[in-house]
Novice: 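Before anything else, here's the structure in question.
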Amino acid sequence: MTKKIILTGDRPTGKLHIGHYVGSLQNRVKLQNSGEYDSFIMIADQQALTDNARDPEKIRNSLIQVALDYLAVGIDPEKSTILVQSQIPALSELTMHYLNLVTVSRLNRNPTVKSEIQQKKFGQSVPAGFFIYPVSQAADITAFKATTVPVGEDQEPMLEQTREIARSFNSIYGKEILVEPEGYFPPKGLGRIPGLDGNAKMSKSLNNAIYLADDADTILKKVMSMYTDPDHIHVEDPGKVEGNVVFTYLDIFDSDKEKVADLKAQYQHGGLGDVKIKRYLNEVLQAELAPIRERREAFEKDIDSVYAILKAGSEKANAVANQTLKEVQDAMGINYFG
Ligand code: TRP
């Protein structure tokens, strides 16, 4: 049986946080270690540049931060190919061919892009490259003939568009060349971690994130600043666990489910203070994040070797993407010189 293929990635616009970790990094490591997949993990610097063209330095610096985060969580270059999007020219060529199969009105309907356009306050000045990034993402995925794309739920519209493009390419050019991918999502309710402030989204711009690179003190401070139940003023007051970020995090990170259930009951009943429960969450988080941070620090001492990993991965990726591009050009009949 041929192996299934994974392609996934992240935009390098900053360090990765625990939202990325529970939303997709953990899944990637699990799938990588299952041995059932050929796994390609892409640092999508070109996609990041679609709304950061004036700040390439930010992207260049973030690229290495994201690479460190990958290695730290256990993405293993012996098992997964880590590649840099901009170093794979075939991706840009595929994008150009796919753009002709997609209408402007279809792009306008992509809900993720729509909401990003609002969030980023582009107004009338949406960069054209940003507007079409779902097509470039379809190129990323299909270049590797990925069957499986482990991502957060917000990426489902990209997968939908990728499947449409693959289907229409295959039907127009009469060959089953491109593969329709499936998403691989985190378990319901566990894939989305709110920010420290209770905002539904954890993000750098909201300044409400815990980073994989955060040191122990920073994690403690952040946990202590977390949003709980604003009406839980005295220890003996009954408290609410719904929407209480501390309990949401415990649900996600504490494997001792019985203990979490007990703590919730106590909190709701009254008599369990916020400081105490935060100290407990801090212990749980430190235990999870310390080994990640230590691995990160080890790789950080040898940045040259990290670049070497990215270079080797990109070379391997080029071979695969070039082959797909050739098949695409053959199917289109534009391989003029043999
Ligand atoms: N759009 C993804 C994000 O914002 C990053 C990405 C780029 C990606 N290309 C991809 C994800 C291909 C999966 C597959 O996180």
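Note that the structure is a prediction, hence the values are computed from the model and not measured. In each ligand, atom 1 is the first atom listed, and ligand 1 is the first ligand listed.
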Novice: Using the side-chain hydrogen bond (donor to acceptor under 3.5 Å, both in side chains) criterion, which residues pair with Tyr280? Sequence neighbours excluded.
Specialist: Asp254
Novice: Give, for atom CD1 of Ile177 and atom CD of Gln329, the distance between the pair rounded to the nearest 0.5 Å.
Specialist: 11.0 Å
Novice: In the hydrophobic cluster built from side-chain contacts under 4.5 Å, what are the other members alongside Phe185?
Specialist: Ile5, Leu7, Phe40, Met42, Leu83, Ile88, Leu91, Ile141, Phe144, Val149, Val151, Leu159, Val320
Novice: I'd like a table of donor-acceptor pairs (distance under 3.5 Å, sequence neighbours excluded) in which one partner is a side-chain atom from residues 127-139, with atom names and distances.
Specialist:
from, atom 1, to, atom 2, distance (Å)
Tyr133, OH, Arg11, NH2, 2.8
Tyr133, OH, Glu116, OE1, 2.5
Gln137, OE1, Gln47, NE2, 3.1
Gln137, NE2, Gln155, OE1, 3.0

Novice: Can you list every pair where an N/O of ligand 1 is under 3.5 Å from an N/O on the protein?
Specialist:
from, atom 1, to, atom 2, distance (Å)
ligand 1, 1 (N), Gln47, OE1, 2.7
ligand 1, 1 (N), Gln137, OE1, 2.9
ligand 1, 1 (N), Gln155, OE1, 3.0
ligand 1, 4 (O), Arg11, NE, 3.2
ligand 1, 9 (N), Asp140, OD2, 2.9

Novice: With distance as the sole criterion, is a donor-acceptor pair present between the side chains of Asp215 and Thr218 under 3.5 Å?
Specialist: yes
Novice: Could you give the distance from CG (Leu94) to CE (Met96), rounded to the nearest 0.5 Å?
Specialist: 11.5 Å
